[in-house]
Amino acid sequence: MQVRGLDGQRQRIRQGGYADPEEAHAAGRALATADRDGAGAGCTVGEWLARWLATKDALRPSTRQGYATHIRLYLVPRLGRMLLHQLTSRDVNGLLATLASRPSPTGRGCRPRPWCGSTPPCGPR
């Protein structure tokens with residue numbers, strides 16, 4: 001199947017692992033629907049994150065480095081190969097639960113922020 005990539009150009013998407021032909025056709029229909037909704041339907045979460053970071057011109061170097069580190073260490077390993085249109089809140093919540101259950105690379109544990117209740121990937125700010 002061909003869809004528009006982040007740059008608006010057509011790209012071929014090949015994906016397997018479906019239990020039966022109907023499941024494969026349903027996934028194809030979902031991809032076609034996402035493609036009609038806008039460019040980037042066929043891109044992965046990792047590709048989208050790289051493109052997103054590249055478009056952030058007004059970031060200070062330390063902020064850009066922090067975002068890039070979080071993307072590389074936390075987001076891409078768990079979500080990076082997933083097609084963007086398939087990403088759900090359940091996927092994100094699963095990532096946050098995994099990160100909360102283990103210490104960060106800096107050795108600090110993760111704990112909820114008191115003002116919003118979410119679990120940041122690297123402990124308190």
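Note that the coordinates shown come from a computational prediction; the quantities given were computed from them, not determined experimentally.
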Would you give the length of the straight line joining atom [atom1] of [X] to atom [atom2] of [Y], rounded to the nearest 0.5 angstrom?
| X | Y | atom1 | atom2 | value |
| --- | --- | --- | --- | --- |
| L83 | W48 | CG | CH2 | 15.0 Å |
| E47 | R81 | CD | CZ | 11.0 Å |
| R78 | L96 | CZ | CG | 9.5 Å |

Is any side-chain heavy atom of R64 closer than 4.5 Å to one of L53?
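They are in side-chain contact.
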Under the side chain to side chain contact (heavy atoms under 4.5 Å, CB included) test against L84, which residue among T44, L79, L49, V45 passes?
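Running side chain to side chain contact (heavy atoms under 4.5 Å, CB included) over T44, L79, L49, V45 with L84 returns exactly one hit, V45.
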Please give me the minimum heavy-atom distance between [X] and [Y], naming the atom from each residue.
| X | Y | answer |
| --- | --- | --- |
| P77 | R72 | CD-O, 3.2 Å |
| L99 | Y74 | CD2-CD2, 3.4 Å |
| A54 | D57 | O-OD1, 3.9 Å |

Please name all residues satisfying side chain to side chain donor-acceptor pair (under 3.5 Å) with T88, sequence neighbours left out, ordered by chain then number.
D91
Residues which pass side chain to side chain donor-acceptor pair (under 3.5 Å) with T63, listed by chain and number, not counting sequence neighbours:
none
